[in-house]
Number of protein chains: 2
Amino acid sequence: MKTPLYRQIQANLKEKITSGIYEEGGLLPSENDLCSEFSATRMTVRQALNELVREGYITRQHGKGSIVSASRKSLGLLSLKGWTEVVVASDRHGKTLVLEGPVLKPLDDMIFMPLLEGEAKDDFIFFKRLRLVEDSPVMFEQTYIPNKNLPNFIEEPLLEGSLFRTLLIRYHVDVQSMSQEVRAIAADKETASLLKIKQKSPVLHLLRKYKTSVEGFFLYSSIYCNTEKFAISSFN
Amino acid sequence: MKTPLYRQIQANLKEKITSGIYEEGGLLPSENDLCSEFSATRMTVRQALNELVREGYITRQHGKGSIVSASRKSLGLLSLKGWTEVVVASDRHGKTLVLEGPVLKPLDDMIFMPLLEGEAKDDFIFFKRLRLVEDSPVMFEQTYIPNKNLPNFIEEPLLEGSLFRTLLIRYHVDVQSMSQEVRAIAADKETASLLKIKQKSPVLHLLRKYKTSVEGFFLYSSIYCNTEKFAISSFN
DNA sequence: TAGTGGTCTAGACCACCTC
DNA sequence: AGGTGGTCTAGACCACTAT
(Lines give C-alpha, C1' and ligand atoms only; values in the text may rest on other atoms or scores of the structure.)
Protein backbone atom coordinates (compact mmCIF):
# COMPACT_ATOMS: atom_id res chain seq x y z
CA MET A 1 0.00 0.00 0.00
CA LYS A 2 1.60 3.23 -1.14
CA THR A 3 -0.77 6.13 -0.60
CA PRO A 4 -1.92 6.41 3.00
CA LEU A 5 -5.40 5.22 3.82
CA TYR A 6 -6.54 8.65 4.96
CA ARG A 7 -5.52 10.13 1.60
CA GLN A 8 -7.58 7.48 -0.17
CA ILE A 9 -10.57 8.24 1.99
CA GLN A 10 -10.03 11.96 1.39
CA ALA A 11 -9.93 11.56 -2.39
CA ASN A 12 -12.90 9.20 -2.33
CA LEU A 13 -15.05 11.63 -0.38
CA LYS A 14 -13.88 14.57 -2.48
CA GLU A 15 -14.99 12.68 -5.57
CA LYS A 16 -18.41 12.02 -4.09
CA ILE A 17 -18.78 15.64 -3.03
CA THR A 18 -17.79 17.16 -6.36
CA SER A 19 -19.94 14.68 -8.26
CA GLY A 20 -22.97 15.60 -6.23
CA ILE A 21 -23.48 12.23 -4.54
CA TYR A 22 -23.25 14.20 -1.32
CA GLU A 23 -25.28 17.35 -1.87
CA GLU A 24 -24.28 20.88 -0.99
CA GLY A 25 -25.49 21.76 2.46
CA GLY A 26 -26.17 18.12 3.20
CA LEU A 27 -24.44 15.86 5.67
CA LEU A 28 -21.66 13.36 5.12
CA PRO A 29 -22.10 9.97 6.77
CA SER A 30 -21.08 10.06 10.41
CA GLU A 31 -17.53 9.27 11.42
CA ASN A 32 -18.58 5.86 12.66
CA ASP A 33 -20.33 5.06 9.41
CA LEU A 34 -17.25 6.08 7.47
CA CYS A 35 -15.16 3.88 9.75
CA SER A 36 -17.23 0.88 8.69
CA GLU A 37 -17.27 1.87 5.04
CA PHE A 38 -13.51 2.18 4.78
CA SER A 39 -12.54 -0.33 7.45
CA ALA A 40 -10.61 2.27 9.39
CA THR A 41 -10.59 3.72 12.87
CA ARG A 42 -12.00 7.07 13.84
CA MET A 43 -8.61 8.75 14.04
CA THR A 44 -7.89 7.79 10.44
CA VAL A 45 -11.29 8.90 9.20
CA ARG A 46 -10.95 12.13 11.16
CA GLN A 47 -7.61 12.84 9.53
CA ALA A 48 -9.26 12.58 6.12
CA LEU A 49 -12.13 14.81 7.24
CA ASN A 50 -9.74 17.39 8.69
CA GLU A 51 -7.99 17.61 5.35
CA LEU A 52 -11.31 18.20 3.63
CA VAL A 53 -12.04 20.99 6.11
CA ARG A 54 -8.65 22.54 5.39
CA GLU A 55 -9.38 22.40 1.66
CA GLY A 56 -12.79 23.97 2.18
CA TYR A 57 -14.97 21.07 1.06
CA ILE A 58 -16.77 20.59 4.35
CA THR A 59 -17.37 22.26 7.67
CA ARG A 60 -18.12 20.40 10.84
CA GLN A 61 -20.56 20.99 13.66
CA HIS A 62 -20.39 19.39 17.01
CA GLY A 63 -23.55 17.49 17.74
CA LYS A 64 -24.59 17.55 14.12
CA GLY A 65 -22.22 16.26 11.53
CA SER A 66 -19.97 17.08 8.59
CA ILE A 67 -21.66 19.60 6.33
CA VAL A 68 -20.83 19.76 2.63
CA SER A 69 -19.79 23.32 1.77
CA ALA A 70 -21.22 25.31 -1.06
CA SER A 71 -19.13 24.61 -4.11
CA ARG A 72 -15.83 26.35 -4.22
CA LYS A 73 -14.33 28.17 -7.14
CA SER A 74 -10.78 27.44 -6.15
CA LEU A 75 -8.51 26.21 -3.43
CA GLY A 76 -7.15 28.02 -0.44
CA LEU A 77 -7.88 31.62 -1.13
CA LEU A 78 -11.34 30.84 -2.10
CA SER A 79 -14.88 31.69 -2.80
CA LEU A 80 -15.96 34.92 -4.32
CA LYS A 81 -18.04 36.81 -1.85
CA GLY A 82 -20.13 39.89 -2.37
CA TRP A 83 -22.92 41.87 -0.86
CA THR A 84 -25.44 39.36 -2.01
CA GLU A 85 -24.70 36.21 -0.14
CA VAL A 86 -26.67 34.39 -2.78
CA VAL A 87 -23.85 34.50 -5.24
CA VAL A 88 -21.63 32.61 -2.83
CA ALA A 89 -24.08 29.82 -2.25
CA SER A 90 -23.67 28.05 -5.52
CA ASP A 91 -21.59 27.75 -8.63
CA ARG A 92 -24.66 27.78 -10.81
CA HIS A 93 -24.87 31.55 -11.05
CA GLY A 94 -21.31 31.55 -12.27
CA LYS A 95 -20.13 30.92 -15.79
CA THR A 96 -16.78 30.13 -17.32
CA LEU A 97 -15.83 31.07 -20.85
CA VAL A 98 -12.88 29.35 -22.46
CA LEU A 99 -11.15 32.06 -24.49
CA GLU A 100 -8.27 29.95 -25.67
CA GLY A 101 -7.05 26.39 -25.34
CA PRO A 102 -6.39 23.76 -24.53
CA VAL A 103 -3.21 24.16 -26.55
CA LEU A 104 0.42 23.22 -25.97
CA LYS A 105 2.63 26.07 -24.90
CA PRO A 106 5.77 26.44 -22.80
CA LEU A 107 5.44 27.86 -19.29
CA ASP A 108 6.09 31.58 -19.11
CA ASP A 109 9.08 31.55 -16.77
CA MET A 110 9.17 35.30 -16.48
CA ILE A 111 5.79 35.43 -14.85
CA PHE A 112 6.01 32.36 -12.67
CA MET A 113 9.61 32.72 -11.67
CA PRO A 114 8.89 33.40 -7.99
CA LEU A 115 7.08 30.08 -7.65
CA LEU A 116 9.52 27.83 -9.45
CA GLU A 117 12.05 25.65 -7.72
CA GLY A 118 13.57 23.90 -10.70
CA GLU A 119 10.85 21.55 -11.87
CA ALA A 120 11.35 19.63 -15.07
CA LYS A 121 10.65 21.83 -18.06
CA ASP A 122 7.88 19.87 -19.67
CA ASP A 123 5.43 20.91 -22.29
CA PHE A 124 2.40 22.52 -20.79
CA ILE A 125 -1.26 22.49 -21.67
CA PHE A 126 -2.50 26.05 -21.69
CA PHE A 127 -5.94 27.51 -20.97
CA LYS A 128 -7.16 31.06 -21.07
CA ARG A 129 -10.48 31.39 -19.28
CA LEU A 130 -12.84 34.13 -18.17
CA ARG A 131 -15.08 33.59 -15.15
CA LEU A 132 -18.30 35.47 -14.64
CA VAL A 133 -20.61 35.88 -11.69
CA GLU A 134 -24.13 36.91 -12.51
CA ASP A 135 -22.90 37.84 -15.98
CA SER A 136 -20.23 40.19 -14.69
CA PRO A 137 -16.69 39.17 -15.59
CA VAL A 138 -14.68 38.91 -12.37
CA MET A 139 -11.72 36.67 -13.07
CA PHE A 140 -9.38 36.28 -16.01
CA GLU A 141 -7.32 33.15 -15.59
CA GLN A 142 -4.40 31.63 -17.47
CA THR A 143 -3.55 28.08 -16.51
CA TYR A 144 -0.58 25.84 -17.29
CA ILE A 145 -0.74 22.07 -16.81
CA PRO A 146 2.24 19.76 -17.39
CA ASN A 147 1.53 17.54 -20.40
CA LYS A 148 2.71 14.42 -18.65
CA ASN A 149 0.74 11.19 -18.30
CA LEU A 150 -2.45 12.91 -19.38
CA PRO A 151 -3.49 10.88 -22.46
CA ASN A 152 -6.16 12.50 -24.61
CA PHE A 153 -6.38 15.51 -22.34
CA ILE A 154 -6.45 18.00 -25.17
CA GLU A 155 -8.84 15.95 -27.26
CA GLU A 156 -11.49 15.28 -24.63
CA PRO A 157 -13.65 18.07 -23.20
CA LEU A 158 -13.46 18.88 -19.50
CA LEU A 159 -15.82 16.99 -17.20
CA GLU A 160 -18.62 19.42 -16.47
CA GLY A 161 -16.26 22.20 -17.45
CA SER A 162 -14.17 21.64 -14.36
CA LEU A 163 -10.43 21.24 -14.66
CA PHE A 164 -9.82 19.93 -11.15
CA ARG A 165 -12.67 17.47 -11.43
CA THR A 166 -11.35 16.20 -14.75
CA LEU A 167 -7.91 15.66 -13.27
CA LEU A 168 -9.34 13.85 -10.26
CA ILE A 169 -11.81 11.55 -12.00
CA ARG A 170 -10.08 10.88 -15.27
CA TYR A 171 -6.43 10.85 -14.22
CA HIS A 172 -6.60 10.42 -10.46
CA VAL A 173 -4.64 13.59 -9.93
CA ASP A 174 -5.94 15.20 -6.75
CA VAL A 175 -5.20 18.89 -6.28
CA GLN A 176 -4.42 19.18 -2.60
CA SER A 177 -2.85 22.51 -1.78
CA MET A 178 -1.55 25.73 -3.20
CA SER A 179 0.96 28.47 -2.67
CA GLN A 180 0.52 31.90 -4.16
CA GLU A 181 1.66 35.46 -4.41
CA VAL A 182 -0.82 38.29 -4.29
CA ARG A 183 -0.39 41.76 -5.71
CA ALA A 184 -2.44 44.80 -6.61
CA ILE A 185 -1.61 46.06 -10.07
CA ALA A 186 -3.02 48.35 -12.75
CA ALA A 187 -5.01 46.47 -15.36
CA ASP A 188 -3.37 46.20 -18.76
CA LYS A 189 -5.32 46.60 -21.98
CA GLU A 190 -6.36 42.98 -22.46
CA THR A 191 -7.30 42.45 -18.83
CA ALA A 192 -9.25 45.69 -18.63
CA SER A 193 -11.23 44.94 -21.74
CA LEU A 194 -12.04 41.39 -20.64
CA LEU A 195 -13.08 42.45 -17.14
CA LYS A 196 -14.95 45.43 -18.57
CA ILE A 197 -13.15 48.00 -16.47
CA LYS A 198 -11.06 51.04 -17.33
CA GLN A 199 -7.47 50.51 -18.27
CA LYS A 200 -5.16 51.03 -15.27
CA SER A 201 -7.94 50.23 -12.81
CA PRO A 202 -6.64 48.39 -9.75
CA VAL A 203 -6.97 44.62 -10.11
CA LEU A 204 -5.89 41.77 -7.92
CA HIS A 205 -3.17 39.59 -9.41
CA LEU A 206 -2.75 36.06 -8.06
CA LEU A 207 0.16 33.85 -9.02
CA ARG A 208 -0.60 30.31 -8.02
CA LYS A 209 1.16 27.00 -7.84
CA TYR A 210 -1.02 23.99 -7.09
CA LYS A 211 0.37 20.87 -5.48
CA THR A 212 -1.18 17.55 -6.43
CA SER A 213 -1.24 13.98 -5.21
CA VAL A 214 1.26 13.13 -7.95
CA GLU A 215 4.88 13.67 -6.97
CA GLY A 216 6.42 16.53 -8.92
CA PHE A 217 3.19 17.37 -10.77
CA PHE A 218 2.25 21.03 -10.29
CA LEU A 219 -0.30 23.30 -11.93
CA TYR A 220 0.28 27.01 -12.46
CA SER A 221 -2.21 29.83 -12.74
CA SER A 222 -2.09 33.56 -13.24
CA ILE A 223 -5.34 35.20 -12.26
CA TYR A 224 -6.57 38.76 -12.58
CA CYS A 225 -9.56 39.71 -10.44
CA ASN A 226 -11.92 42.62 -10.57
CA THR A 227 -12.70 43.18 -6.88
CA GLU A 228 -15.05 46.10 -7.27
CA LYS A 229 -18.20 44.11 -6.68
CA PHE A 230 -16.77 40.90 -5.28
CA ALA A 231 -13.93 40.60 -2.84
CA ILE A 232 -11.79 37.53 -2.48
CA SER A 233 -12.19 36.08 0.97
CA SER A 234 -10.33 33.45 2.90
CA PHE A 235 -10.53 31.61 6.15
CA ASN A 236 -7.99 30.00 8.38
CA MET B 1 -10.11 21.55 32.75
CA LYS B 2 -11.76 23.73 30.15
CA THR B 3 -9.34 24.43 27.34
CA PRO B 4 -8.20 21.23 25.64
CA LEU B 5 -4.76 19.93 26.43
CA TYR B 6 -3.57 20.27 22.86
CA ARG B 7 -4.53 23.96 22.84
CA GLN B 8 -2.50 24.47 26.00
CA ILE B 9 0.49 22.75 24.46
CA GLN B 10 0.01 24.80 21.31
CA ALA B 11 -0.05 28.10 23.22
CA ASN B 12 2.89 27.05 25.38
CA LEU B 13 5.05 26.20 22.37
CA LYS B 14 3.94 29.33 20.54
CA GLU B 15 5.07 31.37 23.52
CA LYS B 16 8.46 29.69 23.55
CA ILE B 17 8.85 30.20 19.81
CA THR B 18 7.93 33.87 19.78
CA SER B 19 10.08 34.56 22.82
CA GLY B 20 13.10 33.01 21.16
CA ILE B 21 13.54 30.11 23.57
CA TYR B 22 13.29 27.98 20.46
CA GLU B 23 15.35 29.71 17.82
CA GLU B 24 14.39 30.34 14.21
CA GLY B 25 15.60 27.52 12.04
CA GLY B 26 16.22 25.37 15.08
CA LEU B 27 14.41 22.23 16.13
CA LEU B 28 11.63 21.77 18.63
CA PRO B 29 11.97 18.87 21.07
CA SER B 30 10.91 15.59 19.51
CA GLU B 31 7.34 14.42 19.79
CA ASN B 32 8.31 11.88 22.42
CA ASP B 33 10.10 14.52 24.49
CA LEU B 34 7.05 16.76 24.29
CA CYS B 35 4.90 13.82 25.37
CA SER B 36 6.93 13.51 28.55
CA GLU B 37 7.05 17.26 29.13
CA PHE B 38 3.30 17.70 28.91
CA SER B 39 2.25 14.25 30.11
CA ALA B 40 0.32 13.57 26.93
CA THR B 41 0.28 10.98 24.20
CA ARG B 42 1.75 11.42 20.78
CA MET B 43 -1.63 11.98 19.11
CA THR B 44 -2.31 14.91 21.42
CA VAL B 45 1.12 16.42 20.96
CA ARG B 46 0.81 15.94 17.22
CA GLN B 47 -2.50 17.77 17.20
CA ALA B 48 -0.81 20.75 18.82
CA LEU B 49 2.07 20.59 16.36
CA ASN B 50 -0.28 20.35 13.39
CA GLU B 51 -2.01 23.52 14.53
CA LEU B 52 1.36 25.27 14.71
CA VAL B 53 2.09 24.13 11.16
CA ARG B 54 -1.26 25.47 10.04
CA GLU B 55 -0.49 28.80 11.67
CA GLY B 56 2.92 28.91 10.05
CA TYR B 57 5.09 28.73 13.18
CA ILE B 58 6.84 25.49 12.28
CA THR B 59 7.42 23.10 9.42
CA ARG B 60 8.10 19.43 9.84
CA GLN B 61 10.50 17.04 8.21
CA HIS B 62 10.26 13.35 8.33
CA GLY B 63 13.36 11.84 9.84
CA LYS B 64 14.49 15.18 11.20
CA GLY B 65 12.11 17.07 13.40
CA SER B 66 9.94 20.14 13.82
CA ILE B 67 11.69 23.18 12.43
CA VAL B 68 10.90 26.65 13.77
CA SER B 69 9.92 28.90 10.87
CA ALA B 70 11.36 32.30 10.19
CA SER B 71 9.31 34.82 12.11
CA ARG B 72 6.00 35.74 10.60
CA LYS B 73 4.53 39.15 10.26
CA SER B 74 0.95 38.01 10.53
CA LEU B 75 -1.37 35.05 10.46
CA GLY B 76 -2.80 33.14 7.59
CA LEU B 77 -2.01 35.22 4.58
CA LEU B 78 1.44 35.80 5.71
CA SER B 79 4.95 36.83 5.27
CA LEU B 80 6.07 39.55 2.97
CA LYS B 81 8.16 38.10 0.25
CA GLY B 82 10.30 39.85 -2.27
CA TRP B 83 13.14 39.38 -4.68
CA THR B 84 15.64 39.39 -1.92
CA GLU B 85 14.89 36.34 0.15
CA VAL B 86 16.85 37.99 2.93
CA VAL B 87 13.99 40.23 3.82
CA VAL B 88 11.80 37.23 4.48
CA ALA B 89 14.20 35.51 6.76
CA SER B 90 13.81 37.72 9.75
CA ASP B 91 11.71 40.41 11.28
CA ARG B 92 14.77 42.41 12.20
CA HIS B 93 15.04 44.20 8.90
CA GLY B 94 11.49 45.34 9.35
CA LYS B 95 10.34 48.28 11.39
CA THR B 96 7.00 49.34 12.74
CA LEU B 97 6.06 52.94 13.37
CA VAL B 98 3.10 53.69 15.60
CA LEU B 99 1.40 56.67 13.99
CA GLU B 100 -1.49 56.88 16.40
CA GLY B 101 -2.71 55.10 19.50
CA PRO B 102 -3.38 53.24 21.55
CA VAL B 103 -6.54 55.28 22.01
CA LEU B 104 -10.17 54.39 22.62
CA LYS B 105 -12.39 54.61 19.56
CA PRO B 106 -15.54 52.88 18.37
CA LEU B 107 -15.22 50.29 15.60
CA ASP B 108 -15.86 51.65 12.14
CA ASP B 109 -18.88 49.54 11.19
CA MET B 110 -18.96 50.86 7.68
CA ILE B 111 -15.57 49.42 6.87
CA PHE B 112 -15.79 46.15 8.74
CA MET B 113 -19.41 45.40 7.99
CA PRO B 114 -18.70 42.35 5.84
CA LEU B 115 -16.89 40.64 8.71
CA LEU B 116 -19.32 41.35 11.54
CA GLU B 117 -21.89 38.87 12.77
CA GLY B 118 -23.38 40.85 15.62
CA GLU B 119 -20.66 40.96 18.21
CA ALA B 120 -21.17 43.07 21.30
CA LYS B 121 -20.44 46.68 20.51
CA ASP B 122 -17.67 47.32 23.00
CA ASP B 123 -15.22 50.12 23.15
CA PHE B 124 -12.18 49.41 21.08
CA ILE B 125 -8.52 50.16 21.49
CA PHE B 126 -7.26 51.68 18.26
CA PHE B 127 -3.83 51.61 16.64
CA LYS B 128 -2.60 53.17 13.46
CA ARG B 129 0.70 51.67 12.40
CA LEU B 130 3.07 51.80 9.47
CA ARG B 131 5.30 48.83 8.68
CA LEU B 132 8.53 49.15 6.77
CA VAL B 133 10.83 46.63 5.18
CA GLU B 134 14.34 47.81 4.57
CA ASP B 135 13.12 51.35 5.20
CA SER B 136 10.45 51.16 2.50
CA PRO B 137 6.91 51.56 3.82
CA VAL B 138 4.90 48.54 2.71
CA MET B 139 1.92 48.23 5.02
CA PHE B 140 -0.40 50.76 6.60
CA GLU B 141 -2.46 49.06 9.27
CA GLN B 142 -5.38 50.16 11.43
CA THR B 143 -6.24 47.80 14.25
CA TYR B 144 -9.20 47.58 16.61
CA ILE B 145 -9.05 45.57 19.83
CA PRO B 146 -12.05 45.15 22.16
CA ASN B 147 -11.32 46.96 25.43
CA LYS B 148 -12.51 44.07 27.54
CA ASN B 149 -10.56 42.40 30.33
CA LEU B 150 -7.37 44.08 29.23
CA PRO B 151 -6.31 46.03 32.36
CA ASN B 152 -3.63 48.64 31.79
CA PHE B 153 -3.39 47.85 28.12
CA ILE B 154 -3.31 51.46 27.04
CA GLU B 155 -0.91 52.48 29.76
CA GLU B 156 1.71 49.78 29.27
CA PRO B 157 3.88 49.63 26.15
CA LEU B 158 3.68 46.61 23.87
CA LEU B 159 6.01 43.72 24.61
CA GLU B 160 8.83 44.06 22.10
CA GLY B 161 6.48 46.13 19.99
CA SER B 162 4.36 43.10 19.18
CA LEU B 163 0.63 43.23 19.69
CA PHE B 164 0.00 39.49 19.40
CA ARG B 165 2.84 38.70 21.75
CA THR B 166 1.54 41.19 24.30
CA LEU B 167 -1.91 39.64 24.17
CA LEU B 168 -0.49 36.14 24.56
CA ILE B 169 1.97 36.74 27.38
CA ARG B 170 0.25 39.45 29.36
CA TYR B 171 -3.40 38.51 28.94
CA HIS B 172 -3.24 34.90 27.75
CA VAL B 173 -5.21 35.76 24.64
CA ASP B 174 -3.92 33.53 21.85
CA VAL B 175 -4.65 34.66 18.31
CA GLN B 176 -5.44 31.44 16.48
CA SER B 177 -7.01 32.09 13.14
CA MET B 178 -8.29 34.73 10.80
CA SER B 179 -10.80 35.42 8.10
CA GLN B 180 -10.35 38.18 5.61
CA GLU B 181 -11.48 39.92 2.48
CA VAL B 182 -8.99 40.98 -0.14
CA ARG B 183 -9.41 43.72 -2.68
CA ALA B 184 -7.36 45.80 -5.07
CA ILE B 185 -8.19 49.49 -4.76
CA ALA B 186 -6.76 52.86 -5.72
CA ALA B 187 -4.77 54.45 -2.91
CA ASP B 188 -6.40 57.43 -1.24
CA LYS B 189 -4.45 60.50 -0.26
CA GLU B 190 -3.40 59.43 3.24
CA THR B 191 -2.48 55.90 2.20
CA ALA B 192 -0.53 57.07 -0.82
CA SER B 193 1.46 59.58 1.16
CA LEU B 194 2.26 57.10 3.92
CA LEU B 195 3.30 54.38 1.49
CA LYS B 196 5.17 56.91 -0.62
CA ILE B 197 3.38 56.09 -3.82
CA LYS B 198 1.30 58.12 -6.23
CA GLN B 199 -2.29 58.78 -5.36
CA LYS B 200 -4.61 56.27 -7.07
CA SER B 201 -1.84 53.71 -7.39
CA PRO B 202 -3.16 50.15 -6.99
CA VAL B 203 -2.83 48.91 -3.43
CA LEU B 204 -3.92 45.72 -1.76
CA HIS B 205 -6.62 46.16 0.84
CA LEU B 206 -7.06 43.47 3.47
CA LEU B 207 -9.98 43.44 5.88
CA ARG B 208 -9.22 41.03 8.67
CA LYS B 209 -10.99 39.49 11.59
CA TYR B 210 -8.82 37.55 14.01
CA LYS B 211 -10.22 34.79 16.16
CA THR B 212 -8.67 34.25 19.59
CA SER B 213 -8.63 31.65 22.32
CA VAL B 214 -11.13 33.81 24.24
CA GLU B 215 -14.75 33.16 23.32
CA GLY B 216 -16.27 36.15 21.55
CA PHE B 217 -13.03 38.14 21.55
CA PHE B 218 -12.08 39.22 18.04
CA LEU B 219 -9.52 41.66 16.67
CA TYR B 220 -10.09 43.69 13.53
CA SER B 221 -7.60 45.11 11.08
CA SER B 222 -7.71 47.13 7.92
CA ILE B 223 -4.44 46.89 6.02
CA TYR B 224 -3.22 48.69 2.92
CA CYS B 225 -0.23 47.12 1.16
CA ASN B 226 2.13 48.46 -1.41
CA THR B 227 2.89 45.34 -3.45
CA GLU B 228 5.26 46.92 -5.96
CA LYS B 229 8.40 45.54 -4.37
CA PHE B 230 6.95 42.94 -2.05
CA ALA B 231 4.10 40.59 -2.78
CA ILE B 232 1.95 38.97 -0.17
CA SER B 233 2.35 35.23 -0.28
CA SER B 234 0.47 32.39 1.28
CA PHE B 235 0.67 28.66 1.59
CA ASN B 236 -1.87 25.97 2.09
C1' DT C 1 21.66 1.87 13.77
C1' DA C 2 19.16 5.07 16.52
C1' DG C 3 15.95 8.65 16.49
C1' DT C 4 12.55 11.14 14.14
C1' DG C 5 8.01 12.02 12.23
C1' DG C 6 3.98 9.48 9.39
C1' DT C 7 0.40 6.38 9.77
C1' DC C 8 -2.87 3.46 12.14
C1' DT C 9 -5.46 0.65 15.67
C1' DA C 10 -9.02 -0.09 19.41
C1' DG C 11 -10.65 1.50 22.67
C1' DA C 12 -12.63 5.61 26.10
C1' DC C 13 -15.14 9.74 28.05
C1' DC C 14 -17.17 14.09 27.17
C1' DA C 15 -19.96 18.12 25.17
C1' DC C 16 -23.17 19.36 21.91
C1' DC C 17 -27.37 18.86 19.08
C1' DT C 18 -31.75 16.80 17.83
C1' DC C 19 -35.71 14.38 18.94
C1' DA D 1 -31.97 9.55 25.18
C1' DG D 2 -29.30 8.61 21.35
C1' DG D 3 -26.18 10.06 17.96
C1' DT D 4 -22.69 13.30 16.65
C1' DG D 5 -18.17 15.28 16.68
C1' DG D 6 -14.16 16.78 20.19
C1' DT D 7 -10.64 15.12 22.91
C1' DC D 8 -7.48 11.70 24.67
C1' DT D 9 -4.99 7.29 25.84
C1' DA D 10 -1.49 3.49 25.05
C1' DG D 11 0.14 1.12 22.33
C1' DA D 12 2.14 -0.41 17.20
C1' DC D 13 4.71 -0.56 12.69
C1' DC D 14 6.82 1.98 9.03
C1' DA D 15 9.73 5.44 6.28
C1' DC D 16 12.90 8.87 6.41
C1' DT D 17 17.25 11.21 8.15
C1' DA D 18 21.28 11.34 10.38
C1' DT D 19 25.77 9.30 11.78
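All figures in this text were calculated on a predicted structure; none of them were measured in a lab. To find a chain, count down the sequence lines: A is the first, B the second, and so on, and within it residues start at 1.
- Between A:Thr44 and the phosphate of C:dT9, there is a side-chain N or O to OP1/OP2 separation shorter than 4.0 Å.
- In this structure, B:Gln61 atom CD and D:dA15 atom P are separated by 18 Å, rounded to whole Å.
- The only member of A:Ile58, A:Thr59, A:Leu28 that meets side-chain contact (heavy atoms from CB on, under 4.5 Å) when paired with A:Ile67 is A:Thr59.
- When each of D:dT9, D:dT7, C:dT4 is scored by its nearest atom to the side-chain atoms of B:Ser30, the top-ranked nucleotide is C:dT4.
- Here the straight-line distance linking atom CG of B:Leu52 with atom CD of B:Gln47 works out to 11.5 Å at 0.5 Å rounding.
- Mapping A:Gly63 and A:Ala40 onto DNA chain C via the closest heavy atom, the residue that lands nearer the 5' end is A:Ala40.
- Per the geometry, CZ belonging to A:Phe38 stands 17 Å off P belonging to C:dT7, to the nearest Å.
- A:Thr41 comes within 4.0 angstrom of a base, heavy atoms only.
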*Determine, step by step, whether B:Glu51 and B:Gln176 satisfy the side chain to side chain donor-acceptor pair (under 3.5 Å) criterion, reporting the C-alpha distance in whole Å, the side-chain angles of both residues, the deciding distance to 0.1 Å, and the verdict.*
CA-CA 9 Å; B:Glu51 289 293 307; B:Gln176 294 176 333; over 6 Å; no
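- Of the listed nucleotides (C:dT7, D:dC16, D:dT9), C:dT7 has the atom at the smallest distance from the side chain of A:Gln47.
- Side-chain nitrogen and oxygen atoms of A:Arg60 include at least one within less than 4.0 Å of the OP1 or OP2 phosphate oxygen of D:dG6.
- Nucleotide D:dC8 holds its P atom 14 Å from the CG atom of B:Asn50, rounded to whole Å.
- OP1 or OP2 of D:dT4 has not a single side-chain nitrogen or oxygen of A:Ser66 nearer than 4.0 Å.
- When distances are taken from the side chain of B:Arg42 to each of D:dA15, C:dT7, D:dC8, the shortest belongs to C:dT7.
- B:Leu27 places its CG atom 14 Å from the P atom of D:dT17, with the value rounded to the nearest Å.
- Between B:Ile67 atom CD1 and C:dT4 atom P the separation is 14 Å, expressed in whole Å.
- The distance from the OG1 atom of A:Thr166 to the CZ atom of A:Phe153 is 6.0 Å, given to the nearest 0.5 Å.
- Residue B:Arg46 contributes atom CZ, which lies 15 Å from atom C1' of D:dG11 at whole-angstrom precision.
- In summary, the aromatic rings of B:Tyr210 and B:Phe164 are positioned with their centroids under 6.0 Å apart.
- Of the candidate nucleotides C:dT9, C:dT4, D:dG6, C:dT4 has the atom nearest to the side chain of B:His62.
- Within 4.0 Å (heavy atoms only), B:Thr59 reaches no atom of the nucleic acid at all.
- Distance from the side chain of B:Tyr6 is smallest for D:dT7 among the nucleotides D:dT7, C:dG6, C:dT9.
- Here C:dC8 presents its P atom at 10 Å from CZ of A:Arg7, a figure rounded to the nearest Å.
- You'll find that the side chain of B:Lys64 is closest to D:dT17, out of C:dG5, C:dT9, D:dT17.
- For the pair B:Met43 CE and D:dG6 P, the interatomic distance rounds to 14 Å; values are reported in whole Å.
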